Amino acid sequence: MYNFEIITSAIDHFLHSVMPAQLAVITECVLIAVCTLVAYVAFAIVMIFMERKVCAAFQCRLGPTRVGFWGLLQVFADVFKMLIKEIISINNSDSLLYRLAPYLVVLSSILTFSCLPFDKGLQVLDFNVGVFFLMAASSFGVLGILLAGWSSNNKFSMIGAMRSGAQMISYELSIGLCMLTMVVLSGTMQISEIVEQQVDGWFIFKGHLPAVVAFIIYLIAGNAETNRAPFDLPEAESELTAGYHTEYSGMHFGFFYVAEFMNLFIVAGIASTLFLGGWTPLYIKGFDSFNAIMDYIPGIVWFLGKTFFLIWVLMWFRWTFPRLRVDHVPTLEWKYMVPIGLVNLLIMTICVVMNWIF
Amino acid sequence: MKFSETYIGGILFASASLLTGLRTTLKEFFTPKVTEQYPENRATLKISERHRAMLYMPLDENGNNKCIACGLCQSACPNSTIIVKTKNIVDEESGKSKKVLDEYIYDLGSCMFCQLCVNACPKDAIAFNNQFENAVFDRKKLVIRLNK
Amino acid sequence: MNPIFIDIKEFPQRMQEYKDLKGMDFLRELIGMDWGEEGLGVIYILENSDTHENLEIAIKTTDREHPTLPTVCHLWSVAELYEREVYDFFGIHFTDHPDMRRLFLRNDWVGYPLRKDYDESEAINPVRMESEITEDVQREYEIKEEAELKKINAQTNRISGDQYVINIGPQHPATHGVLRFRLALEGEEIRKIDIHCGYIHRGIEKMSEKLTYPQILGLTDRLDYLSAHQNRHALCMCIEKAMGIEVTDRTQYIRTIMDELQRIDSHLLFLSCAAMDLGAITAFIYGFRDREKILDIFEEVTGGRLIQNYNTIGGVQADITPGFAKKVKEYCEYQKSKIKEYNDVFTNNIITQLRMKGVGRITLDDAISYGCTGGTGRASGWACDVRKRHPYAIYDKVEFKEIIYKRGDCYDRFKVRIDEIKESIHIIEQIIDNIPEGDYKVKTKPIIRIPEGQYTAAVEGSRGEFGVFIESHGEKSPYRIKFRPMGLPLIAAMHKILKGTKIADLIAIGATLDYVIPDIDR
Amino acid sequence: MKKPNIKSIPYEEFKDNETLEALIKEINSERTNVVVGALDDLINWGRSNSMWSLTFATSCCGIEFMSLGAARYDFARFGFEVTRNSPRQADLIMVAGTITHKMAPVLKRLYDQMADPKYVVAVGGCAISGGPFKSSYHVLNGVDKIIPVDVYIPGCPPRPEAILYGMMQLQRKVKIEKFFGGKNHRAKKGEMNNDPIIVTNAPIIDNEKLSKE
């Protein structure tokens, strides 16, 4: 078993030995911030490239091939261009909020990103109400979107923002219910603890039926949270041109773009943490040699493998389905997903109380 | 009430229809792609012979064009894409003045490829070829002289 | 064609009678005319939707300063837009018309372009780079005793100032070109709608009056580029009819096959774009992937992918290539297998069904009154296929079903097109092996003149009836040429069906009505 | 002289190298240092490979533009597939189709709404010169009368490969730009092509080569 705590505590000891305690803490903070941001950007680039290739494959085409080998440098080209693209300021817009909005969206997703347990001990934020914090942090992304729509002084943006407000706030409920279901199963809200409990079996197997239902609902609601098709109403290209970010150009738009992809990563990451065991390897009872081989694969590979598989599934959804209509989105949520989620929570509770779990 | 209209039935039918869609796209995910890679395939690219990309003057074995400067193509052209400029030269043997082609000017940028000029030509002096790589930076470069 | 001239005073009553007693419930065409000294007028072509009997009526006024004619838009709803078009081009006011504004040109346009005395000089109408101020006031006119115009109701606003008004278009991904909807919203719901056309009005009809007939042919391809073959077919047919040219059987077969291939091409594009508008981008790509196969066939035979320039007066431009039949048959087999894929990935999808079923219903009466031909009319249960009503080419020799649905909602309109692809394949398969030998082209005179008179021809375009009207004075170019747009009636119907729907429905309705803007604006 | 390089097509086989070379000369008239030059290359590489076009189509050419995005031609290979519906986020406006008098102010406005650097490609006869509708009372004879055009792609409509070729020409033009110092793209803002096309002294086309092909 790999354990990153050894490395992190080694760094911690080293810093404390060479500098005063307060300075050491500050240095650690800076180090962690840099690492998080770098990881965030790196994953965003990988995700964008993956999206373009996967989408192309679903559509019988090739996707980027000409920039770099196999198109690998495509996203870097986009990033360079985006960085030096003019940022237009809009007349009659609420200037402060207009500029604040993209940062809020990115901040929200970075905060959530830092809750993800990449490996044992490789987690930035971990405390006893981790799941609770996760939900709180992810839910203020909607504020950024609302502000973007409101402050742009554009009617399309406004409609897009209102749509996203209605959509994201209602789907938060489903996500909450699904997470609650898993919290009932695990009995803790600390994310590292939740993963630890899955060493002897992933929750999706332990929790059987209610866990599977929660998993499916979570994927649907998570897709809606990230504003991706079939739930991309806030930006609905064919209806609202570009929705809430119609007026944003240059890197401001880039922030929205990156945040959208990273939210997808986060949704998939949380799903793999809560349901598929995070960094824990796959064990099959009775196959000891198989389990031993699985142990050799580092936890971070397990985590990323699961996450990227889920991302692929979500992309598969995105590139298959048409967009829902604005009144079908709440219908799906309030008529189907919330009642099912509530019943599911009840069933899970019963299962846990009666000890009908594996 | 049909089963598909009940609450549970609705969910099942909806899921079935969504799964069918997912199956279809998954199948396409693994089928070979149909993309033709221009410009990588420039050497092998086959374009129909009848394709009209640009007007040109086919030359005979002596390297001369067949144009007799009759101007029928110019009058057939719906949007004055073709301008035939003529000049009079005196034939040395007979001493008669003869009208010959001076400049055959063709504006690729406004041609609508209707083939009326080719149809009108009595000598097959002009034809369309399928050389489509014509994009330029300067609008003036699209006005070309077909004869030498 | 010999229209009956009716006096202005009797006109409203006579028209009412034609509609009520003779059952002339379909206004096929409404053609503005400028007969110079004889005055300005309008020709109406009416049709009984049951018996397919036609009736041509004309009316004119000699007043060129303030020409006024009575409206017919209370009898045939589509006349509302047709009359606005006539007002725009000829300056004829229609009394009791609820909304006399320009339809295509800018509000500040000087003069009426299709009048014979119109001055085209740049100085009068330069390219104005300031944005057009949207005219929101609708005017009605009535005739005073001394035949002088009086403006009334000048104060009614279509969309008043305090509503949440958004503009969809002219540059918008879902308008399929450059159409502009002005919508007054309440939340997501559409309360009022005002449609602005003319962003791609290219003045083809006016240009044609100066061009020779073969030159006009090139422009028809560019009217509705997705029915390029059919448009050109209609004009060729009209000219051939007028000149008494009998085309060979081979030509007829080739034209029919090409028309049907074009229809499949257009319908594939329709369903791709409908899918894209509803957010299913993958289905869009699948449709385009298969469409390329038709374009390959087109390119090999005609030399053009989109604009083919294939039909000519008296025949076709070039004979079909040797491998044509084989390729077409291969394609037909391929396409049949792919229709299931579209259904799996898009049509049968629950999201699509929810978005389309019951949305944007056009009733049978509305469809006829608005003259919505083509797939839109047939989805409402109106058997309006020109191929059946007035057979041309060899459509009376082949066996095919006219696809008719009943509900008239988006879903039916979508299904009609999918079924029509199958039916078109069926037609092609019947005749592809039996193309008779013979000339592909009849020799015609080098200069084409049409004998004096008025001529019409109509074909079933990809999205409705495409008609051509020519008035010739025996010259090399027509005195007046009018193309019946397939899309304008659909736009007219949108006024009615959009009220109370949502923005998302506007997209679905627009996508399934299947209009092509250059065809509307001409 | 720095020659822009495009994969799979040699520099010499491109058309209109003369205009490009003249442009290079003009841009390089001021000297720049090495570091800035390398940065310029990087930026131009980014820009030229990430041309996000505005979904703008008025007529026939727009359908060919859509074909370009579909599976067979797939301009995603070049990284052009991220078409934006909002002009703010687009780098490129492909004027595909006829521009009429009524549309002209709209097009101008769309162009003005785009963020720098922005490029214009005129696709097809209508956008270049009015094409088939040159003599119409309601058609703008060439978009270069109202906005500066970078590349002209002739055809009616041009086939998708021809549009791709035009896009590569644009890439070449972007690759010679200078972001730091020198004259960059913005310098030509406001320079509209209003002079009439002179038809005399038209360049001679190599008929012999064409006859062979």
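The analysis underlying the following values was restricted to heavy atoms, covering all of them including side chains, and did not include hydrogens, waters or symmetry mates. Reminder, nothing fancy here: chain letters follow the sequence lines and each chain counts from 1. Since the structure is predicted, the reported quantities are computational estimates derived from the model, not experimental observations.
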What part of [X] is in contact with chain C, defined as an atom under 4.5 angstrom from a non-hydrogen atom: side chain, backbone, both or neither?
{"X": "D:Cys156", "result": "both"}
{"X": "D:Ile99", "result": "neither"}
{"X": "D:Ala104", "result": "both"}
{"X": "D:Ile63", "result": "both"}

Among [options], who wins on heavy-atom pairs under 4.5 Å with chain C?
{"options": "D:Ser67, D:Gly130, D:Ala71", "answer": "D:Ser67"}
{"options": "D:Thr98, D:Leu110, D:Thr55", "answer": "D:Thr98"}
{"options": "D:Arg159, D:Arg72, D:Arg109", "answer": "D:Arg72"}

request  = Mark yes or no: C:Arg115 above the aromatic ring of C:Tyr118, with NZ or CZ under 6.0 Å from the six-membered ring centre and no more than 45 degrees from the axis.
outcome  = no
request  = Establish, for the pair D:Lys173 and D:Tyr119, whether the NZ or CZ atom is under 6.0 angstrom from the six-membered ring centre and no further than 45 degrees off its axis.
outcome  = no
message = Would C:Asp117 and C:Tyr112 count as a side chain to side chain donor-acceptor pair (under 3.5 Å) here? Give the steps.
response = CA-CA 9 Å; C:Asp117 54 2; C:Tyr112 302 102; over 6 Å; no
Pick from C:Lys206, C:Gln215, C:Arg289, C:Arg106 with the largest number of heavy-atom pairs that fall under 4.5 Å of chain D = C:Arg106
note = Of C:Phe288, C:Trp109, C:Tyr199, the largest count of non-hydrogen pairs under 4.5 angstrom with chain D goes to C:Tyr199
ask   = Would you say C:Leu226 and C:Arg463 make side-chain contact, with heavy atoms under 4.5 Å?
value = yes
ask   = So do the side chains of D:Ile147 and D:Leu107 get within less than 4.5 Å of each other, counting heavy atoms only?
value = yes
request  = Measure C:Ile200 against the heavy atoms of chain D and call it side chain, backbone, both or neither at under 4.5 Å.
outcome  = both
message = Using heavy-atom distances under 4.5 Å, tell me whether C:Leu105 contacts chain D through its side chain, its backbone, both, or neither.
response = both
inquiry  = Applying side chain to side chain donor-acceptor pair (under 3.5 Å) to C:Asp290 and C:Tyr331, what does each step give before you reach the verdict?
reply    = CA-CA 9 Å; C:Asp290 302 335; C:Tyr331 167 72; over 6 Å; no
task = Would you please indicate if the ring centroids of C:Phe104 and C:His196 are separated by under 6.0 Å?
result = no
task = Kindly state whether the ring of D:Phe56 and the ring of C:His172 have centres lying under 6.0 angstrom apart.
result = no
inquiry  = Going by side-chain hydrogen bond (donor to acceptor under 3.5 Å, both in side chains), C:Ser462 matches just one of C:Arg263, C:Gln230, C:Arg417. Which one?
reply    = C:Gln230
task = For the residue pair C:Asn107 and C:Arg102, confirm or rule out a side-chain donor-acceptor distance under 3.5 Å.
result = no
message = Between D:Phe14 and D:Tyr165, does the ring pair (Phe, Tyr, Trp, His ring centres under 6.0 Å) criterion hold? Intermediate values first, please.
response = CA-CA 9 Å; D:Phe14 271 106; D:Tyr165 179 81; 5.5 Å; yes
task = Could you please state which residues from residues 291-300 of chain C sit under 4.5 angstrom from chain D, measuring non-hydrogen atom to non-hydrogen atom, sorted by number, or 'none'?
result = C:Arg291, C:Glu292, C:Asp296, C:Glu299
